[in-house]
Visitor: 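Before we start, here is the structure in question, set down as structure tokens.
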Amino acid sequence: MLPNSQLNKPAPQAGQGKKTAGVDGVRVISPRQRFELVKNIKGNLKAKPLRRVWIPKPGKNEKRPLGIPTIQDRARQALVKSALEPEWESRFEGTSYGFRPGRSAQDAISRIYIAINQGQYYVLDADIAKCSYREP
């Protein structure tokens, strides 16, 4: 269980997503509304449906689906992330770079060059994006 001080921290967000409303239509909340949000998060565990928006893929004429959660669900996700991330980060391999905080594709490429210079020539590159089931 996280202390109440952790519940009162705002969820960090970057880019345009923080200005986008979910299915509840709420974009920004006041400090008083944040206090009420903390009360609601403690009791309600059921997530609301996502607002589905289709956004263009860069450099292509295709679009991809994007699910936008409500502010309450975003706050709950941030709370769970802040509780789980320190534990799991300590268990991951030091040479794992996918979707990890503070690591980038450039870090992975640098690690590959180091491995090659040390005579280690086994590098695995896998893209599993097309392997998951998508509704037709």
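Just so we're clear, the structure is a prediction, and the values are computed from it rather than from any experiment. Any value given below was found using the heavy atoms of this structure, including those in side chains, with hydrogens, waters and symmetry copies removed.
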Visitor: Quick check: is V80 connected to L50 through a chain of hydrophobic side chains (ILVMFWY, heavy atoms under 4.5 Å apart)?
Guide: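 L50 does not cluster with V80.
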Visitor: Taking side chain to side chain contact (heavy atoms under 4.5 Å, CB included) as the definition, give me every residue that meets it alongside Q106, ordered by chain and number, with sequence neighbours left out.
Guide: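 Partners of Q106 under the side chain to side chain contact (heavy atoms under 4.5 Å, CB included) test: S104.
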Visitor: Please report the closest heavy-atom contact between G67 and R52, naming both atoms and the distance.
Guide: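 Heavy atoms only, the tightest pair is N-NH1, 3.6 Å.
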Visitor: Show the nearest heavy-atom pair for residues R76 and A47, with the distance to one decimal.
Guide: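 Scanning both residues, the minimum pair turns out to be NH1-CA, 4.4 Å.
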Visitor: What are the two closest heavy atoms between R100 and E93, and how far apart are they?
Guide: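 For R100 and E93, the tightest heavy-atom pair comes out as NH1-O, 3.0 Å.
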Visitor: Which value, rounded to the nearest 0.5 Å, describes the distance between E89 atom CD and S96 atom OG?
Guide: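 The OG atom of S96 is 8.0 Å from CD of E89, to the nearest 0.5 Å.
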Visitor: What's the spacing between I68 CD1 and D73 CG if we round to 0.5 Å?
Guide: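 Here the interatomic distance stands at 12.5 Å.
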Visitor: Of all heavy-atom pairs between K63 and P56, which one has the smallest distance, and what is that distance?
Guide: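 So the minimum-distance heavy-atom pair works out to CG-CA, 4.0 Å.
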Visitor: Where do R103 and D107 come nearest, in terms of heavy atoms and distance?
Guide: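 Residues R103 and D107, closest heavy atoms: CA-OD2, 3.3 Å.
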Visitor: Does any non-hydrogen side-chain atom of R34 lie less than 4.5 Å from one of I71?
Guide: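 I71 does not reach R34 side chain to side chain.
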Visitor: Could you measure the distance from the CG atom of L66 to the CZ atom of R51? Nearest 0.5 Å is fine.
Guide: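 Rounded to the nearest 0.5 Å, the CG-CZ separation comes to 9.0 Å.
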Visitor: In Å, rounded to the nearest 0.5 Å, how long is the span from CD of Q72 to CD of Q33?
Guide: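 Going from the CD atom of Q72 to the CD atom of Q33 covers 12.0 Å.
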Visitor: For the CZ atom of R111 and the CD1 atom of I116, what is their distance to the nearest 0.5 Å?
Guide: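 Those atoms lie 11.0 Å apart.
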